[in-house]
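Reviewing the structure listed below.
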Amino acid sequence: MKKFILKKRDNSNKNNYIINYKKELNSAQYDAVMHNTGPALVLAGAGTGKTRTMVYRVARLIEDGIAPEKILLLTFTRKSSKEMLSRATKLLDGRVNKVSGGTFHSFALQTLKIFHKSIGLNQNFSLIDQSDSEDALSIVRTEFINNHNKYKKKKRFPNKSILSAIRSKSINKRDSIEQIILNEYQAFTDEIIEIEWILDEYSKYKNRSNLLDYDDLLLLLLKALNDSNVSDEISKRYKYILIDEYQDTNRIQHEISLKLAGREANLMAVGDDAQSIYSFRGAEHNNIIFFPKSFDTCTIYKIEENFRSLEPILKFTNKLIEESPISYKKRLFANREGGEKPYIITAKDERQQSEFITQQILESREEGIDLNEIAILYRSNFLSIDLEIELSKSNIPYKKYGGLKFIETAHVKDMIAYLKLVNNFNDLISWNRILGLIKGIGPKTISKITELVDKNSLNFNNYQQLLSEFRNKHRIFETFSMIASLSLNDKPDQLLEKISINYSDILKEKYSDSEKRSKDIEIMIQIASTYNTLDSFLSDMALDPPNSSVEDILPTDNESEFVTLSTIHSAKGLEWKKVFLVWALDGRLPSVRSNSIDDIEEERRLFYVASTRAKDDLFVSYPINIFDRQTGFVLSKPSRFLDNISEDLAARFTLVEEV
DNA sequence: GAACGGCTCTTTTTT
DNA sequence: AGAGCCGTTC
């Protein structure tokens, strides 16, 4: 019989990596990158190279022979996932492109497409976005109110967006509707039964239409993962899981993460509890605290050296967050010395604030600073209006993030609705939208027609007989015959071309600015031409739509230099040399709508996220004497988060106009 | 009875 | 830009 001896494996080839990890990373980053198996939590403060660490870890795993498709990288937006992978590709090579991943929602979609059978999901489901979902809720709600006279006139019955928020929170926080109302919507504690009933009807409505909303994606993914066949298959597929922005995951995402990781639990969560800003979406910054407790052992890595900001900015932001009762105290220290203290600037009104910033940007341009290195950040979308006017006046090109997106404009949504019907004839939400475009057709007629669709008694052969009694029947017929002429086999851009021929009449009737809107549709067709299948186009439009606003959807390439205007939320993860945080006014940041201590603390973190975007210069400004309609108060105090900022941390100025 | 047009109000943040 | 309300029109 042969005798074996165990020979110690030679690990010295670890030094044969293509990438010199030791040299290119600091020791905290290096440790996280080299983390091998088992659960790990990486606490990486703002500007400490969190993305860099993830990029290097992906590369390192691949260099160690892990098949790239077995690495699952879950990120907060698809943009950040693309960015990470392209950076890792530059670092290593094309193998990186095979890494699996996306956002939780897009990953859920991919998985449900494969495993739909095991949870009894019809394959041809389509996705609806927030506003579609609210449309459906509104239909159900109106019907309910019409059937119950006592809600007709009197008091405030929750509107569609509140209903949507309640449902969404209940799913995302894994809590009952009743609990959510008792905890967060006390104004409606007397209507719990009614709300539950409406939300239940809404679910049925979606089921009949074969539609899934954002929350359903997560809920069904979790359901699928609870099937042991699915979860076994999944654990075979993905051996190493990395999750970014863990502080902004919610309870259901946490549960999904644990399921995905399976018994091996090669799960690395990365995040910073100081930057948790999505609690309105059910995000639970405590997830990051609970994370290690979900396992017997969990390695924790802290990365605290800040490479982004000059020291005075870091001192300022450290002070901002110092009073926050977050659990993991980090001490960020600066790698970059020099620079000036942040400016805190009082403007007498909004106009003056806009003019000042515009002037600063013009001066920066004179000094040779690239406009791409400048950002203006604000709490809420509508706070940018005056700035936009002023920037346009001075011919400063800008690109706006957050706010009304291309995909959310009425005409684009209309076009999408036609496409969805090609894919799914039972999509009642799209029928509602499309039929509503026809002149002479209102809610009553629509509900009669959709009822026929719902009963499966209407089709392309019999619509003329069934719908002949209606007023304006010819226009209804036109719509039907147009949709009938569309085929699933046509490419998305061809479909849109056909639709737009019919739609252009509607557009002209409905809008005074129809020319502008029909240009948008041309742009839409261009975007669609990069897709081969309707399904892929529609999925992307629901989960990964072009996220800048209408005007700058297509890079008007000759203008490659632009200032960024963004909500703080949309600025997450990004950085600029010069950052202007505007409207740092008590009542705007924190918003007057934030009341509880938790709300206020989240506003503080928002302030923190905004200021930590700055590399070299930070300007915090606020106008005073602003009348707030909601409260009836005049807002004239700077943000309370600036209260404890002493003169050695920031320099305060008042704008005075030169005479 | 159903749909329309014009008015005012209002705007946290997003997958 | 859009949503909701209300008086007017078909």
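Values reported hereafter were calculated over all heavy atoms of this structure, with side chains retained and with hydrogens, waters and symmetry mates removed. Chain naming here is simple, since letters A, B, ... match the order of the sequence lines and numbering starts at 1 in each. Everything quoted here is computed from the prediction, not taken from an experiment.
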* Asked: Starting at the 5' end of DNA chain B, which residue's closest nucleotide do you reach first, A/Ile446 or A/Glu603?
  -> A/Ile446
* Asked: Across the strands shown, which category fits A/Ile441 at heavy-atom distances under 4.0 angstrom: base, sugar-phosphate, nothing?
  -> sugar-phosphate
* OP1, OP2 of C/dG4 versus side-chain N and O of A/Asn159: anything below 4.0 Å? -> no
* Is A/Lys169 touching bases, backbone alone, or none of the nucleic acid, heavy atoms closer than 4.0 Å? -> nothing
* Figure out the CZ/C1' separation between A/Arg475 and B/dC4, and round it to whole Å. => 14 Å
* Asked: Pick the nucleotide of DNA chain B nearest each of A/Thr77 and A/Lys439; which residue has the one closer to the 5' end?
  -> A/Lys439
* Asked: Which part of the nucleic acid, if any, lies within reach of A/Arg517 when heavy atoms closer than 4.0 Å are counted: base, sugar-phosphate only, or nothing?
  -> sugar-phosphate
* Asked: B/dT10 P sits how many Å from A/Ile385 CD1, rounded?
  -> 15 Å
* Calculate the interatomic distance between A/His569 atom NE2 and B/dT11 atom P; express it in whole Å. => 17 Å
* Asked: Does some side-chain heavy atom of A/Tyr608 sit less than 4.5 Å from a side-chain heavy atom of A/Ile277?
  -> no
* To do: Using atom CZ of A/Phe406 as one end and atom P of C/dG2 as the other, report the distance to the nearest whole Å.
  => 13 Å
* Reckon A/Lys413 touches a base, only the sugar-phosphate, or nothing at all at heavy-atom distances under 4.0 Å? -> nothing
* Counting heavy atoms from C-beta on, name the nucleotide in C/dA1, B/dT15, C/dG4 closest to the side chain of A/Lys160. => C/dG4
* Asked: Under 4.0 Å: is that the gap between some side-chain N or O of A/Ser570 and OP1 or OP2 of B/dT14?
  -> yes
* Looking for any heavy atom pair under 4.0 Å, which part of the strands does A/Phe104 touch: base, sugar-phosphate only, or nothing? -> nothing
* Among B/dT15, C/dG2, B/dT11, the nucleotide that comes nearest once only the side chain of A/Phe382 is considered -> B/dT11
* Have a look at A/Ala542 and say if it touches a base, only the backbone sugar-phosphate, or nothing, with a 4.0 Å heavy-atom cut-off. => nothing
* To do: For A/Ser106, answer base if it contacts any base atom (sugar-phosphate contacts may also be present), sugar-phosphate if it contacts only those atoms, and nothing otherwise; contact means non-hydrogen atoms under 4.0 Å.
  => nothing
* Could you tell me whether A/Thr567 contacts a base, only the sugar-phosphate backbone, or nothing, with contacts defined as non-hydrogen atoms closer than 4.0 Å? => sugar-phosphate
* Please tell me which of the listed nucleotides, B/dT15, B/dA3, B/dT11, lies nearest to the side chain of A/Lys405? => B/dT15
* To do: Figure out the CD1/C1' separation between A/Ile162 and C/dA3, and round it to whole Å.
  => 14 Å
* To do: Looking only at side-chain atoms of A/Arg593, point me to the closest of B/dT11, C/dG4, B/dT15.
  => B/dT11
* **ring centroid sep under 5.5 Å plus plane angle under 30, A/Phe280 with B/dT13** => yes
* Do A/Ser596 and A/Asp598 have side-chain N/O donor and acceptor atoms under 3.5 Å apart? -> no
* Kindly point out which of B/dA3, B/dT10, B/dT15 is positioned nearest to the side chain of A/Thr445? => B/dA3
* Nearest-Å distance for atom pair CD1/C1', residues A/Ile128 and B/dT14 -> 16 Å
* Asked: Between A/Arg141 (CZ) and C/dG4 (C1'), how many Å, whole number?
  -> 11 Å
* **A/Tyr401 OH to B/dT15 C1', straight-line distance once rounded to whole Å** => 18 Å
* Asked: Is it true that the NZ or CZ of A/Lys572 lies under 6.0 Å from the centre of A/Phe76's six-membered ring and within 45 degrees of the ring axis?
  -> yes
* To do: Please determine if A/Lys79 forms a cation-pi arrangement with A/Tyr401, meaning its NZ or CZ atom is less than 6.0 Å from the six-membered ring centre and no more than 45° off the ring axis.
  => yes
* To do: From the options C/dA3, B/dG5, B/dA3, select the nucleotide whose nearest atom is closest to the side chain of A/Pro443.
  => B/dA3
* To do: Verify the contact: side-chain N or O of A/Lys448 to OP1 or OP2 of B/dG1, cut-off strictly under 4.0 Å; return yes or no.
  => no
* Do A/Tyr531 and A/Asp540 get their side chains close enough for a donor-acceptor pair, meaning under 3.5 Å? -> yes
* Looking for any heavy atom pair under 4.0 Å, which part of the strands does A/Gln130 touch: base, sugar-phosphate only, or nothing? -> base
* Asked: Just checking, is any N or O donor in the side chain of A/Ser566 or A/Tyr378 under 3.5 Å from an acceptor N or O on the other one?
  -> no
* Asked: Do we see a donor-acceptor contact under 3.5 Å between the side chains of A/Asp215 and A/Asn172?
  -> yes
* Structure fact -> From the candidates B/dT14, C/dA1, C/dG2, the one with an atom nearest any side-chain atom of A/Arg281 is B/dT14
